[in-house]
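Before any comments, here is the structure.
Residue indices begin at 1 and follow the sequence shown. In this text the structure is predicted, and so the values were computed from the model without any measurement. Note that ligands are numbered from 1 as they come in the structure, with each ligand's atoms numbered from 1 the same way.
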Amino acid sequence: MMDLDSLKRLVSSEVDRLRDRIIWMADTIHENPEIGHKEFRASEILTSALREGGFEVRVGVAGMKTAFTAFKRGRAERPVVGILYEYDALKGLGHACGHNLIGAGGVGAALALSRVLQDVEGSLMVFGTSAEEGGVENAGGKVIMVEEFRAADACLIWHPGSRNMASRQSSYAREAIQFEFYGKAAHAGAAPWEGVNALNTLLLMFRAIDALRQHVRPDVRIHGIIEKGGEAPNIVPDYASAKFYVRVADINYLHEVSEKVKNCARGAAMATGAEVRFWNYANTYANTIVNHTLADAIEENMRALGVEVYKPQERRIPPGGGSTDVGNVSQVTPICSFYLVIGPETLVGHTPEFREAARSEKGHEAVILAEDPRYDSPGPLPEAGALREG
Ligand SMILES: [Zn+2]
(Lines give C-alpha, C1' and ligand atoms only; values in the text may rest on other atoms or scores of the structure.)
Protein backbone atom coordinates (compact mmCIF):
# COMPACT_ATOMS: atom_id res chain seq x y z
CA MET A 1 0.00 0.00 0.00
CA MET A 2 1.22 3.47 -0.76
CA ASP A 3 1.85 5.70 2.23
CA LEU A 4 -0.40 8.64 2.91
CA ASP A 5 2.23 11.20 1.95
CA SER A 6 2.72 9.73 -1.52
CA LEU A 7 -1.04 9.56 -2.01
CA LYS A 8 -1.36 13.21 -1.08
CA ARG A 9 1.42 14.16 -3.48
CA LEU A 10 -0.28 12.31 -6.31
CA VAL A 11 -3.59 14.02 -5.63
CA SER A 12 -1.80 17.33 -5.45
CA SER A 13 -0.16 16.91 -8.85
CA GLU A 14 -3.55 15.95 -10.26
CA VAL A 15 -5.06 19.14 -8.88
CA ASP A 16 -2.27 21.09 -10.61
CA ARG A 17 -3.11 19.34 -13.85
CA LEU A 18 -6.83 20.12 -13.46
CA ARG A 19 -6.28 23.70 -12.35
CA ASP A 20 -7.40 25.52 -15.50
CA ARG A 21 -10.44 23.31 -15.89
CA ILE A 22 -11.55 23.83 -12.29
CA ILE A 23 -11.25 27.60 -12.66
CA TRP A 24 -13.08 27.47 -15.98
CA MET A 25 -15.97 25.61 -14.32
CA ALA A 26 -16.05 28.10 -11.42
CA ASP A 27 -16.08 31.11 -13.76
CA THR A 28 -18.59 29.65 -16.20
CA ILE A 29 -21.06 28.88 -13.41
CA HIS A 30 -20.41 32.38 -12.03
CA GLU A 31 -21.22 33.97 -15.39
CA ASN A 32 -24.44 31.97 -15.67
CA PRO A 33 -26.08 32.32 -12.26
CA GLU A 34 -29.11 30.09 -11.72
CA ILE A 35 -31.39 30.13 -8.68
CA GLY A 36 -32.34 27.08 -6.60
CA HIS A 37 -33.93 24.10 -8.40
CA LYS A 38 -33.12 25.82 -11.73
CA GLU A 39 -29.36 25.12 -11.74
CA PHE A 40 -29.60 23.16 -15.00
CA ARG A 41 -26.45 24.49 -16.64
CA ALA A 42 -24.33 24.18 -13.49
CA SER A 43 -25.60 20.67 -12.85
CA GLU A 44 -24.78 19.74 -16.46
CA ILE A 45 -21.24 21.17 -16.24
CA LEU A 46 -20.49 19.36 -12.99
CA THR A 47 -22.04 16.00 -13.87
CA SER A 48 -20.48 15.80 -17.33
CA ALA A 49 -17.02 16.28 -15.78
CA LEU A 50 -17.80 13.54 -13.25
CA ARG A 51 -19.00 11.17 -15.98
CA GLU A 52 -15.79 11.77 -17.88
CA GLY A 53 -13.91 10.91 -14.71
CA GLY A 54 -15.60 7.51 -14.59
CA PHE A 55 -18.21 8.29 -11.99
CA GLU A 56 -21.60 6.61 -12.06
CA VAL A 57 -23.91 9.64 -12.14
CA ARG A 58 -27.58 9.73 -11.12
CA VAL A 59 -29.43 12.98 -11.90
CA GLY A 60 -32.84 13.94 -10.52
CA VAL A 61 -32.39 12.72 -6.96
CA ALA A 62 -35.37 12.84 -4.57
CA GLY A 63 -37.55 14.40 -7.28
CA MET A 64 -35.25 17.40 -7.74
CA LYS A 65 -34.26 17.86 -11.38
CA THR A 66 -30.94 19.56 -10.63
CA ALA A 67 -29.82 17.38 -7.72
CA PHE A 68 -27.53 14.45 -8.38
CA THR A 69 -25.28 11.82 -6.86
CA ALA A 70 -22.16 10.25 -8.32
CA PHE A 71 -20.25 7.19 -7.18
CA LYS A 72 -16.85 5.69 -7.87
CA ARG A 73 -15.61 2.58 -6.18
CA GLY A 74 -12.11 2.31 -4.84
CA ARG A 75 -10.20 -0.77 -3.77
CA ALA A 76 -12.97 -1.54 -1.30
CA GLU A 77 -16.60 -0.51 -1.14
CA ARG A 78 -16.35 1.04 2.32
CA PRO A 79 -15.77 3.41 3.90
CA VAL A 80 -17.69 5.73 1.61
CA VAL A 81 -16.50 9.32 1.76
CA GLY A 82 -18.98 11.90 0.51
CA ILE A 83 -18.29 15.29 -1.04
CA LEU A 84 -21.16 17.77 -1.13
CA TYR A 85 -21.62 20.39 -3.86
CA GLU A 86 -23.71 23.54 -3.93
CA TYR A 87 -24.12 25.55 -7.13
CA ASP A 88 -27.18 27.81 -6.78
CA ALA A 89 -27.12 31.61 -7.00
CA LEU A 90 -29.13 34.34 -5.29
CA LYS A 91 -32.09 35.98 -6.96
CA GLY A 92 -30.92 39.25 -8.51
CA LEU A 93 -27.48 39.06 -6.90
CA GLY A 94 -25.78 36.24 -8.83
CA HIS A 95 -23.16 34.12 -7.09
CA ALA A 96 -22.96 36.37 -4.05
CA CYS A 97 -22.45 33.35 -1.79
CA GLY A 98 -19.71 31.82 -3.96
CA HIS A 99 -21.47 28.51 -4.59
CA ASN A 100 -19.88 28.48 -8.05
CA LEU A 101 -16.61 27.80 -6.22
CA ILE A 102 -18.10 25.04 -4.05
CA GLY A 103 -19.32 23.06 -7.05
CA ALA A 104 -16.18 23.51 -9.15
CA GLY A 105 -13.87 22.76 -6.22
CA GLY A 106 -15.92 19.68 -5.43
CA VAL A 107 -15.48 18.33 -8.95
CA GLY A 108 -11.75 19.07 -8.72
CA ALA A 109 -11.60 17.06 -5.52
CA ALA A 110 -13.52 14.12 -6.97
CA LEU A 111 -11.42 13.96 -10.14
CA ALA A 112 -8.10 14.40 -8.35
CA LEU A 113 -8.96 11.72 -5.78
CA SER A 114 -9.98 9.45 -8.66
CA ARG A 115 -6.32 9.18 -9.53
CA VAL A 116 -5.52 7.32 -6.30
CA LEU A 117 -8.85 5.63 -5.67
CA GLN A 118 -7.63 2.22 -6.84
CA ASP A 119 -4.97 2.37 -4.14
CA VAL A 120 -7.32 3.28 -1.33
CA GLU A 121 -9.64 1.13 0.74
CA GLY A 122 -12.92 2.91 0.21
CA SER A 123 -15.16 4.68 -2.28
CA LEU A 124 -16.08 8.18 -3.22
CA MET A 125 -19.60 9.53 -3.39
CA VAL A 126 -20.62 12.94 -4.64
CA PHE A 127 -23.84 14.70 -3.62
CA GLY A 128 -25.04 17.53 -5.86
CA THR A 129 -27.32 19.38 -3.47
CA SER A 130 -29.50 21.95 -5.20
CA ALA A 131 -31.25 25.02 -3.77
CA GLU A 132 -29.24 25.72 -0.63
CA GLU A 133 -30.28 29.37 -0.54
CA GLY A 134 -33.63 30.40 0.83
CA GLY A 135 -35.94 32.64 -1.19
CA VAL A 136 -37.09 29.97 -3.61
CA GLU A 137 -39.92 27.49 -3.31
CA ASN A 138 -38.88 24.30 -1.49
CA ALA A 139 -35.40 25.56 -0.61
CA GLY A 140 -33.00 23.32 1.28
CA GLY A 141 -32.18 20.53 -1.16
CA LYS A 142 -30.23 18.62 1.47
CA VAL A 143 -33.37 18.25 3.58
CA ILE A 144 -35.29 16.80 0.64
CA MET A 145 -32.53 14.31 -0.23
CA VAL A 146 -31.46 13.67 3.36
CA GLU A 147 -31.91 9.88 3.16
CA GLU A 148 -29.23 9.77 0.43
CA PHE A 149 -26.51 10.79 2.87
CA ARG A 150 -26.91 7.58 4.86
CA ALA A 151 -24.88 5.92 2.09
CA ALA A 152 -21.81 7.89 3.20
CA ASP A 153 -19.70 7.12 6.25
CA ALA A 154 -18.46 10.71 6.42
CA CYS A 155 -18.99 13.84 4.33
CA LEU A 156 -17.08 17.00 3.48
CA ILE A 157 -18.14 20.35 2.10
CA TRP A 158 -16.33 23.65 1.85
CA HIS A 159 -17.52 27.23 1.61
CA PRO A 160 -15.75 30.40 0.56
CA GLY A 161 -15.58 33.08 3.25
CA SER A 162 -13.56 35.77 4.95
CA ARG A 163 -11.70 33.44 7.35
CA ASN A 164 -9.96 30.09 7.05
CA MET A 165 -11.79 27.70 9.36
CA ALA A 166 -11.42 23.92 9.63
CA SER A 167 -15.04 23.62 10.62
CA ARG A 168 -18.05 25.84 10.87
CA GLN A 169 -19.51 26.09 14.32
CA SER A 170 -22.83 24.55 15.11
CA SER A 171 -25.83 26.12 13.43
CA TYR A 172 -29.34 26.46 14.78
CA ALA A 173 -32.34 24.29 14.06
CA ARG A 174 -35.02 26.38 12.37
CA GLU A 175 -38.71 26.16 11.64
CA ALA A 176 -40.33 28.69 9.27
CA ILE A 177 -44.00 29.23 10.13
CA GLN A 178 -46.61 31.30 8.32
CA PHE A 179 -49.62 32.50 10.33
CA GLU A 180 -52.88 33.70 8.81
CA PHE A 181 -55.73 35.26 10.79
CA TYR A 182 -59.25 35.52 9.43
CA GLY A 183 -61.68 38.00 10.99
CA LYS A 184 -64.71 39.90 9.76
CA ALA A 185 -64.67 43.25 7.95
CA ALA A 186 -66.83 46.14 9.14
CA HIS A 187 -66.96 49.92 8.98
CA ALA A 188 -64.33 50.88 11.55
CA GLY A 189 -66.17 54.07 12.56
CA ALA A 190 -69.84 53.40 11.93
CA ALA A 191 -70.21 49.77 13.09
CA PRO A 192 -66.94 48.36 14.52
CA TRP A 193 -68.94 46.02 16.80
CA GLU A 194 -69.89 44.07 13.68
CA GLY A 195 -66.24 43.29 12.92
CA VAL A 196 -63.62 40.80 14.07
CA ASN A 197 -60.20 42.41 13.86
CA ALA A 198 -57.60 40.12 12.29
CA LEU A 199 -54.80 42.66 12.79
CA ASN A 200 -55.50 42.98 16.51
CA THR A 201 -55.34 39.21 16.75
CA LEU A 202 -51.98 39.17 15.04
CA LEU A 203 -50.63 41.90 17.34
CA LEU A 204 -51.83 39.92 20.35
CA MET A 205 -49.84 36.96 19.09
CA PHE A 206 -46.71 39.14 18.87
CA ARG A 207 -47.24 40.24 22.49
CA ALA A 208 -47.83 36.69 23.68
CA ILE A 209 -44.59 35.63 21.98
CA ASP A 210 -42.74 38.47 23.72
CA ALA A 211 -44.09 37.19 27.05
CA LEU A 212 -42.88 33.71 26.11
CA ARG A 213 -39.27 34.85 25.62
CA GLN A 214 -38.60 35.00 29.37
CA HIS A 215 -39.55 31.36 29.76
CA VAL A 216 -37.57 29.61 27.07
CA ARG A 217 -33.91 28.66 27.04
CA PRO A 218 -31.42 31.41 26.19
CA ASP A 219 -30.51 29.85 22.82
CA VAL A 220 -34.03 30.40 21.48
CA ARG A 221 -34.52 33.03 18.75
CA ILE A 222 -38.04 33.92 17.65
CA HIS A 223 -38.33 36.60 15.00
CA GLY A 224 -41.23 37.53 12.79
CA ILE A 225 -42.61 40.09 10.39
CA ILE A 226 -46.11 41.27 9.54
CA GLU A 227 -46.85 40.52 5.91
CA LYS A 228 -50.33 41.93 5.71
CA GLY A 229 -52.20 43.99 8.28
CA GLY A 230 -55.24 45.39 6.53
CA GLU A 231 -56.37 47.56 3.63
CA ALA A 232 -57.35 50.94 5.06
CA PRO A 233 -57.88 52.46 8.53
CA ASN A 234 -61.62 52.81 8.02
CA ILE A 235 -62.08 49.06 7.47
CA VAL A 236 -61.77 46.53 10.28
CA PRO A 237 -59.11 44.17 8.84
CA ASP A 238 -60.60 40.78 8.04
CA TYR A 239 -57.24 39.31 7.16
CA ALA A 240 -53.70 39.55 8.57
CA SER A 241 -50.63 37.41 8.08
CA ALA A 242 -47.16 37.04 9.56
CA LYS A 243 -44.06 34.98 8.91
CA PHE A 244 -41.89 33.68 11.72
CA TYR A 245 -38.61 31.89 12.18
CA VAL A 246 -38.18 29.88 15.34
CA ARG A 247 -34.56 28.94 15.96
CA VAL A 248 -33.12 26.74 18.69
CA ALA A 249 -29.70 25.16 19.24
CA ASP A 250 -31.18 21.67 19.30
CA ILE A 251 -33.86 20.17 17.05
CA ASN A 252 -35.58 18.24 19.86
CA TYR A 253 -36.27 21.43 21.79
CA LEU A 254 -37.30 23.22 18.56
CA HIS A 255 -40.56 21.29 18.30
CA GLU A 256 -41.45 22.14 21.89
CA VAL A 257 -40.82 25.86 21.37
CA SER A 258 -42.67 25.92 18.03
CA GLU A 259 -45.69 24.42 19.76
CA LYS A 260 -45.61 27.21 22.36
CA VAL A 261 -45.42 29.80 19.57
CA LYS A 262 -48.41 28.22 17.85
CA ASN A 263 -50.27 28.35 21.15
CA CYS A 264 -49.66 32.12 21.22
CA ALA A 265 -51.52 32.29 17.89
CA ARG A 266 -54.29 29.98 19.08
CA GLY A 267 -54.73 31.99 22.27
CA ALA A 268 -54.87 35.28 20.38
CA ALA A 269 -57.50 33.90 18.03
CA MET A 270 -59.58 32.72 20.95
CA ALA A 271 -59.37 36.16 22.55
CA THR A 272 -60.74 38.03 19.52
CA GLY A 273 -62.88 35.36 17.89
CA ALA A 274 -60.79 35.29 14.73
CA GLU A 275 -59.70 32.09 13.04
CA VAL A 276 -56.08 31.12 12.70
CA ARG A 277 -54.26 28.88 10.25
CA PHE A 278 -50.56 28.11 10.20
CA TRP A 279 -48.13 25.89 8.33
CA ASN A 280 -44.43 25.54 7.59
CA TYR A 281 -43.61 27.56 4.49
CA ALA A 282 -40.04 26.28 4.19
CA ASN A 283 -38.19 23.08 5.02
CA THR A 284 -37.22 22.70 8.66
CA TYR A 285 -33.47 22.78 9.25
CA ALA A 286 -31.84 20.70 11.95
CA ASN A 287 -28.96 22.05 14.00
CA THR A 288 -25.45 21.18 12.84
CA ILE A 289 -23.59 18.64 14.94
CA VAL A 290 -19.91 19.50 14.64
CA ASN A 291 -17.65 16.48 14.12
CA HIS A 292 -14.36 17.27 15.83
CA THR A 293 -12.48 14.25 14.47
CA LEU A 294 -13.08 15.38 10.88
CA ALA A 295 -12.40 19.00 11.80
CA ASP A 296 -9.02 18.05 13.33
CA ALA A 297 -8.04 16.15 10.17
CA ILE A 298 -9.01 19.09 7.96
CA GLU A 299 -7.13 21.47 10.21
CA GLU A 300 -3.99 19.36 9.99
CA ASN A 301 -4.19 19.44 6.17
CA MET A 302 -4.80 23.17 6.15
CA ARG A 303 -1.76 23.79 8.35
CA ALA A 304 0.34 21.52 6.12
CA LEU A 305 -0.63 23.83 3.25
CA GLY A 306 0.58 26.84 5.18
CA VAL A 307 -2.95 28.10 5.78
CA GLU A 308 -3.43 30.14 8.91
CA VAL A 309 -6.44 28.58 10.61
CA TYR A 310 -8.87 30.76 12.48
CA LYS A 311 -10.27 29.19 15.66
CA PRO A 312 -13.57 30.83 16.67
CA GLN A 313 -13.55 29.41 20.21
CA GLU A 314 -10.17 31.02 20.87
CA ARG A 315 -11.76 34.42 20.48
CA ARG A 316 -14.83 33.46 22.49
CA ILE A 317 -17.39 34.24 19.81
CA PRO A 318 -20.72 32.54 20.56
CA PRO A 319 -21.94 29.86 18.13
CA GLY A 320 -23.59 31.23 15.03
CA GLY A 321 -27.33 31.70 15.18
CA GLY A 322 -27.83 31.04 11.49
CA SER A 323 -29.33 27.87 10.05
CA THR A 324 -28.36 25.66 7.13
CA ASP A 325 -29.48 22.44 5.50
CA VAL A 326 -26.02 21.03 6.28
CA GLY A 327 -27.50 20.59 9.76
CA ASN A 328 -29.90 17.91 8.49
CA VAL A 329 -26.98 16.05 6.91
CA SER A 330 -25.07 16.18 10.20
CA GLN A 331 -27.95 14.35 11.90
CA VAL A 332 -27.53 11.26 9.67
CA THR A 333 -23.78 11.14 8.96
CA PRO A 334 -20.64 12.88 10.26
CA ILE A 335 -19.89 15.99 8.21
CA CYS A 336 -17.31 18.74 8.28
CA SER A 337 -17.74 22.04 6.46
CA PHE A 338 -14.57 24.06 6.19
CA TYR A 339 -14.07 27.65 5.05
CA LEU A 340 -11.39 29.26 2.89
CA VAL A 341 -10.71 32.95 2.43
CA ILE A 342 -11.63 34.62 -0.85
CA GLY A 343 -11.42 38.25 0.29
CA PRO A 344 -10.78 40.64 3.18
CA GLU A 345 -11.95 39.92 6.76
CA THR A 346 -14.72 42.47 6.30
CA LEU A 347 -16.22 40.51 3.40
CA VAL A 348 -19.87 39.61 4.00
CA GLY A 349 -21.88 36.98 2.14
CA HIS A 350 -24.88 37.85 -0.04
CA THR A 351 -23.40 41.17 -1.21
CA PRO A 352 -22.10 42.35 -4.61
CA GLU A 353 -18.59 42.45 -3.05
CA PHE A 354 -18.79 38.75 -2.23
CA ARG A 355 -19.99 38.03 -5.76
CA GLU A 356 -16.93 39.78 -7.22
CA ALA A 357 -14.64 37.93 -4.79
CA ALA A 358 -16.12 34.64 -6.02
CA ARG A 359 -14.42 35.16 -9.38
CA SER A 360 -11.32 37.05 -8.20
CA GLU A 361 -7.77 35.77 -8.11
CA LYS A 362 -8.17 35.04 -4.41
CA GLY A 363 -11.34 33.12 -5.20
CA HIS A 364 -9.45 31.06 -7.78
CA GLU A 365 -6.69 30.43 -5.26
CA ALA A 366 -9.26 29.14 -2.76
CA VAL A 367 -11.03 26.86 -5.25
CA ILE A 368 -7.71 25.12 -5.93
CA LEU A 369 -6.67 25.05 -2.29
CA ALA A 370 -10.01 23.48 -1.33
CA GLU A 371 -9.12 20.10 -2.81
CA ASP A 372 -5.34 20.22 -2.57
CA PRO A 373 -3.76 18.21 0.21
CA ARG A 374 -0.25 19.56 -0.50
CA TYR A 375 -0.52 22.73 -2.55
CA ASP A 376 2.93 24.16 -1.83
CA SER A 377 5.33 21.31 -2.39
CA PRO A 378 4.21 18.52 -4.70
CA GLY A 379 7.73 16.99 -4.58
CA PRO A 380 8.80 13.99 -6.67
CA LEU A 381 5.94 11.75 -7.72
CA PRO A 382 5.79 7.98 -7.35
CA GLU A 383 4.93 6.03 -10.50
CA ALA A 384 1.18 5.63 -10.70
CA GLY A 385 1.46 2.03 -11.95
CA ALA A 386 3.69 0.98 -9.08
CA LEU A 387 0.98 1.82 -6.61
CA ARG A 388 -1.34 -0.96 -7.60
CA GLU A 389 1.10 -3.68 -6.48
CA GLY A 390 0.97 -3.26 -2.72
ZN1 LIG B 1 -23.59 29.82 0.89
Side-chain angles (χ1 to χ4, degrees), residues 25-27 29-30 32-39 42-43 46 64 66-67 83-107 109 127-136 138-145 155-172 174 176 245 247 282-283 285-288 290 310 312 319-330 335-360 362-364 366-367 369-371:
M25 283 191 280
D27 286 352
I29 295 171
H30 192 282
N32 300 280
E34 299 162 304
I35 58 165
H37 296 305
K38 301 231 156 59
E39 318 96 318
S43 163
L46 302 173
M64 294 181 287
T66 55
I83 305 174
L84 272 61
Y85 301 179
E86 290 168 4
Y87 34 91
D88 58 330
L90 290 149
K91 226 179 239 177
L93 258 186
H95 275 287
C97 204
H99 293 185
N100 61 312
L101 298 172
I102 304 179
V107 170
F127 299 92
T129 69
S130 43
E132 191 275 334
E133 300 287 0
V136 300
N138 212 10
K142 296 179 196 68
V143 184
I144 301 158
M145 62 189 283
C155 286
L156 296 173
I157 185 169
W158 81 286
H159 201 290
S162 56
R163 285 183 174 125
N164 296 310
M165 288 196 286
S167 166
R168 71 159 294 142
Q169 289 185 287
S170 56
S171 67
Y172 279 18
R174 187 213 70 193
Y245 274 5
R247 303 195 209 239
N283 286 309
Y285 289 168
N287 53 297
T288 301
V290 174
Y310 171 78
S323 310
T324 164
D325 57 2
V326 170
N328 299 62
V329 181
S330 80
I335 183 165
C336 181
S337 33
F338 60 97
Y339 285 71
L340 291 171
V341 165
I342 64 162
E345 261 202 30
T346 50
L347 191 65
V348 177
H350 298 198
T351 59
E353 291 75 27
F354 201 99
R355 178 187 62 216
E356 294 316 307
R359 67 160 174 208
S360 65
K362 216 157 169 52
H364 291 163
V367 76
L369 196 58
E371 60 266 20

Under-2.8 Å protein N/O/S neighbours of the Zn ion (ligand 1), ordered by chain then residue number: C97 SG, H99 NE2, H159 NE2

Partners meeting side-chain hydrogen bond (donor to acceptor under 3.5 Å, both in side chains) with R174 (sequence neighbours left out): Y245

Gap separating the CD1 atom of I102 from the NE2 atom of H159, nearest 0.5 angstrom: 4.0 Å

Verdict with reasoning, Y87 to H99, per ring-ring contact (aromatic ring centres under 6.0 Å, His included): CA-CA 5 Å; Y87 34 91; H99 293 185; 8.9 Å; no

Side chain proximity check, L93 to F354, heavy atoms < 4.5 angstrom: no

Student check: side-chain heavy atoms of T66 and K38 closer than 4.5 Å: no

K142/E86 ion pair, N-O < 4.0 Å: yes

